[in-house]
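Residue numbers begin at 1 in each chain, while the letters A, B, ... track the order of the sequences.
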Amino acid sequence: METTRFNKITSLWIITVLVLFVVAITLGIIMRLNQSELITVSPITFYTDMTVHGLTMIGIWFVAGMAAVNFIMERYVKTSHGVNVFAYVMTVVGVLLLWASTFFGRFHAGWTFLYPLPFKVMWKSWATPTFYFSLAVLGVGWLVWCLSLVSSLLKKYSLKEVFAWQHFSKNPKTETPPFVLIAMISLVGIITCLLAAVILLVLTFAEYYSKGSFVNDALLMKNLTYFFGHTIANEMLYLGLAILYELFSEISGRPKWKTTWYVALAWNFTLIFILTAFFHHLYMDFVQPEGFQIIGQIASYSASLPAAGVTVFSVIVAVYRTKINWSLANLLFFLGVTGWVIGGIGAVIDATISNNFILHNTLWVPAHFHTYNALGNVLFSLAFFQWFSAKYGGGSQRWSKVVLWLLLIGGIGFLTAFYIGGADSIPRRYSSYPEVFATAKTLAAFGALFATVYLSGVLVFFVNISKRCLKILLQRS
Amino acid sequence: MQYSILMLFFVLAALLVGIFLYVFLSSRQSNGQLTGMANALQKRFWFVLILFSILAIFASVTIPKSPYFLFSGEQPSKVVYVAARQFYYVMSYQAIDPASPTGESSIELNTNELVEFRVTSLDVNHGFAIYSPHNELIAQTQAMPGYVNRLRWKFSEPGLYTVYCLEYCGMAHQAMKTTITVK
Ligand code: HEM
Ligand SMILES: [Cu+2]
């Protein structure tokens, strides 16, 4: 009874995420096609698509990670099914409001809605409050979900255990499963950045309704925006890693991973680095105190140490000269780690202030973050979807090689066009390119073509998975 | 410069793909008798130490090259005031009055003279990115309302430079630009 309820809500999440993913990729392809001038949409349509694409993608891969973490967490502690359903309803309502404000209201301030752009109304006047209201709905739903999962964890584990601090002593009496530790670290990070988003929204509403008597500080607002935006985009990847720590060994038919002192240390450090790395988004704001800028570079570099030294190294140790039952799910995990690391290199390069001086807001930025999303975190979530639907929905696994190759070839081609564009100094977020950017259109067409290959891989996957998930949903309990 | 960065990235990415492929193949060839990695903990320790050293060297070489410290010991021989707004730039050799912003019809600078750009915005956030005559991004800063960012630069090559907006500022963002002549 209990498990079928959780299977059903998880299936619903999976189907919803995949449907929205297909829509969001299509918007991405439309953007690339417009930049290549193979099709023409108005700049407003382009920027509306861009805003929807960015926010939808961040939203769905965040909830995909959360849904997976919630499902696995049931193995260790009792979580609230009601809150899970509540988060689902809030997410759907939030996305619908968001789409209303953008597709109908033409709101197009970008996924970062950087203050004070949303106030310079270039769209229907109701669109700005509707947009912020949609964010508030999403934020409340997600905050409640995170707090509920944290309280479930804290009912069983003490504060010390949930952060695995007992592993710093010689002979720890209890073991904190790696999944519990990583889930906790991620949830704390997410709650912190959602609280920053609450402050951001309150300040925004205050200015909006004060009719000019209260004006915000643009630098403070930018810091808050990226504290929220950078952190949530990173933490959703860690949710994916929590799943990997739990399932990779299981699917591979290997002994379960254990928490050791260095795993505990790495993840505790990760929490600190991730909350200070966002400063790298403000490198080109020279008025920001220099100390913060340097902290930004050092924290960004440091974040790669625990990631590479512990997580990536552990995956390599687990696979190297070891017999493994390879299947679509663990191959997706393995490929996802590769994509994550390569995107990470692109990120470290850009997080170097002197490089950022000539890369900031060029196509290098979408290049690196699409790498660890489209070929990293997305693959972690797809791996979970595959494992879950096969385990509870049954049915044979078909076309898995095809799916892998389409995702891989499509992804690599699509990303290469972005990286070369970055090196050619082509700006990001341009609906069309000035003629002097000689390579820009060709690269965009190339990107659109390969993105279509990626999309076809997603579609094959989608058909397989949603069939099984529908079966789970329609099962009688 | 951008192309050496791209090459560095491609080399590192290829190296990683090689490592992951090698590890994957070693698992495929394993018949159950192979016993994983020997002395994994020790190898992990060395790996982290090496990575740490590389990053520390990188940081100490690159941080002093940050744009905040560019020409910080010198006196600029020319100051150019820049006020960005949707969707154009006002540039002047004199301070710009936000109430009635007016600027020069063209900005002319000399090679090898130290110029300080004082960049602000009169509405939303914009970018101020200088592209060389070969259309290569060479320097940039943000234009933020309520703040003035000071960018110091010496142009080494004469020609027509283009300034593009690199911070998304609304529906005509892609058309926001101006030029600077260097003699
Ligand atoms: C193959 C699939 C995808 C395609 C074709 C695609 C395409 C694009 C394009 C063309 C842009 C605008 C680039 C520019 O600035 O000129 C963009 C931006 C963006 N994409 Fe994707 N993308 C894909 C997958 C993803 C995924 C998986 C994520 C996950 C988080 C994502 C998140 C974003 C974000 C956050 C932005 C920035 C939006 C903004 O600037 O406001 N994308 N994408
Ligand atoms: Cu602008």
Side-chain angles (χ1 to χ4, degrees), chain A residues 43-44 47 108 110 114 116-117 120 122 217-219 222 284-287 290 293-294 297-298 301 304-305 308-309 313 316-317 319-324 326 334 338 341-342 345-346 349 352-355 357-362 419-420 422-425 427 429-434 436-437, chain B residues 1-3 5-6 8-9 12-13 16-17 20 23-24 26-27 30-32 34-37 40 44 47-48 51-52 55 58-59 62-63 65-68 86 123-125 127 131 135-142 144-151 164 166-174:
Chain A
I44 293 188
Y47 293 123
H108 56 271
L114 187 58
L117 189 54
K120 296 285 178 281
M122 299 174 279
D217 179 276
L219 186 60
K222 189 169 179 183
M284 292 303 114
D285 291 279
F286 296 177
V287 283
E290 269 157 27
Q293 310 286 27
I294 290 163
Q297 179 164 344
I298 292 174
Y301 276 36
S304 66
L305 282 173
F313 205 89
I316 288 180
V317 171
V319 172
Y320 182 65
R321 284 156 65 92
T322 305
K323 190 166 162 41
I324 280 191
W326 287 106
F334 193 70
T338 319
V341 181
I342 293 176
I345 293 179
I349 288 179
T352 307
I353 303 169
S354 57
N355 291 337
F357 195 42
I358 52 171
L359 293 177
H360 182 70
N361 281 351
T362 66
Y419 281 106
I420 297 178
D424 282 339
S425 303
R429 291 175 157 175
Y430 267 31
S431 59
S432 57
Y433 297 115
V436 283
F437 291 98
Chain B
M1 184 61 195
Q2 279 91 339
Y3 263 77
I5 294 177
L6 184 69
L8 173 71
F9 171 76
L12 291 175
L16 272 162
V17 169
F20 276 89
V23 170
F24 174 67
S26 80
S27 152
S30 164
N31 48 17
L34 296 177
T35 46
M37 191 185 286
R44 188 192 295 268
F47 172 69
V48 172
L51 186 64
F52 174 81
L55 287 174
F58 247 76
T62 57
I63 287 178
K65 294 196 180 139
S66 302
Y68 329 119
Q86 288 172 323
D123 44 37
V124 301
N125 288 287
Y131 280 64
N135 211 41
E136 212 180 345
L137 173 52
I138 54 172
Q140 67 170 312
T141 189
Q142 295 283 119
M144 180 179 266
Y147 288 90
V148 178
N149 287 317
R150 295 172 184 226
L151 166 66
Y164 288 102
L166 286 199
E167 185 61 54
Y168 175 61
C169 59
M171 59 188 174
H173 165 59
Q174 74 286 353

Looking at B/Tyr68, I want to see if its OH is surrounded by more than 12 non-hydrogen atoms of other residues, nucleotides or ligands under 6.0 Å.
yes

Less than 4.5 Å to any heavy atom of chain A: does that hold for the side chain of B/Arg44, its backbone, both, or neither?
both

Side chains of A/Thr352 and A/Tyr301: any donor to acceptor distance under 3.5 Å?
yes

Part of A/Pro116 lying under 4.5 Å from any heavy atom of chain B:
both

Counting only heavy atoms closer than 4.5 Å, note whether B/Phe20 contacts chain A via side chain, backbone, both or neither.
both

Quick one, A/Lys222 with A/Asp285, criterion salt bridge (charged side-chain N to carboxylate O under 4.0 Å, His left out). Give me CA distance, side-chain angles, the key distance, then yes/no.
CA-CA 10 Å; A/Lys222 189 169 179 183; A/Asp285 291 279; 2.7 Å; yes

Highest number of heavy-atom pairs under 4.5 Å with chain A among B/Asn135, B/Ile5, B/Val148, B/Leu166 belongs to B/Asn135

Tell me, side chain or backbone of B/Ile138 under 4.5 Å from chain A's heavy atoms, or both, or neither?
backbone

Of the listed A/Ser431, A/Ser304, A/Gly422, the one with the largest count of heavy-atom pairs under 4.5 Å with chain B is A/Ser431

Please tell me if the side chains of B/Gln2 and A/Ile420 come closer than 4.5 Å, counting only heavy atoms from C-beta onward.
no

For the interface with chain A, which of B/Ala172, B/Cys169, B/Gly146 has the highest count of heavy-atom pairs at distances below 4.5 Å?
B/Cys169

Which one wins on heavy-atom pair count under 4.5 Å against chain B: A/Asp217, A/Ile298, A/Ile324?
A/Asp217

Which label fits A/Phe437 and B/Tyr131: parallel for a plane angle under 30°, tilted from 30 to 60°, or perpendicular past 60°?
perpendicular

Winner by heavy-atom pair count (cut-off under 4.5 Å) against chain B, out of A/Val436, A/Thr362, A/Ile44
A/Val436

By a 4.5 Å heavy-atom criterion (distance strictly below it), what part of B/Gln86 contacts chain A: side chain, backbone, both, or neither?
side chain

Taking the inter-plane angle between the rings of A/Tyr430 and B/His173 on a 0 to 90° scale, is it parallel (under 30°), tilted (30 to 60°) or perpendicular (over 60°)?
perpendicular

Atom CG in B/Asn125, atom CG in A/Leu219: separation rounded to 0.5 Å?
9.5 Å

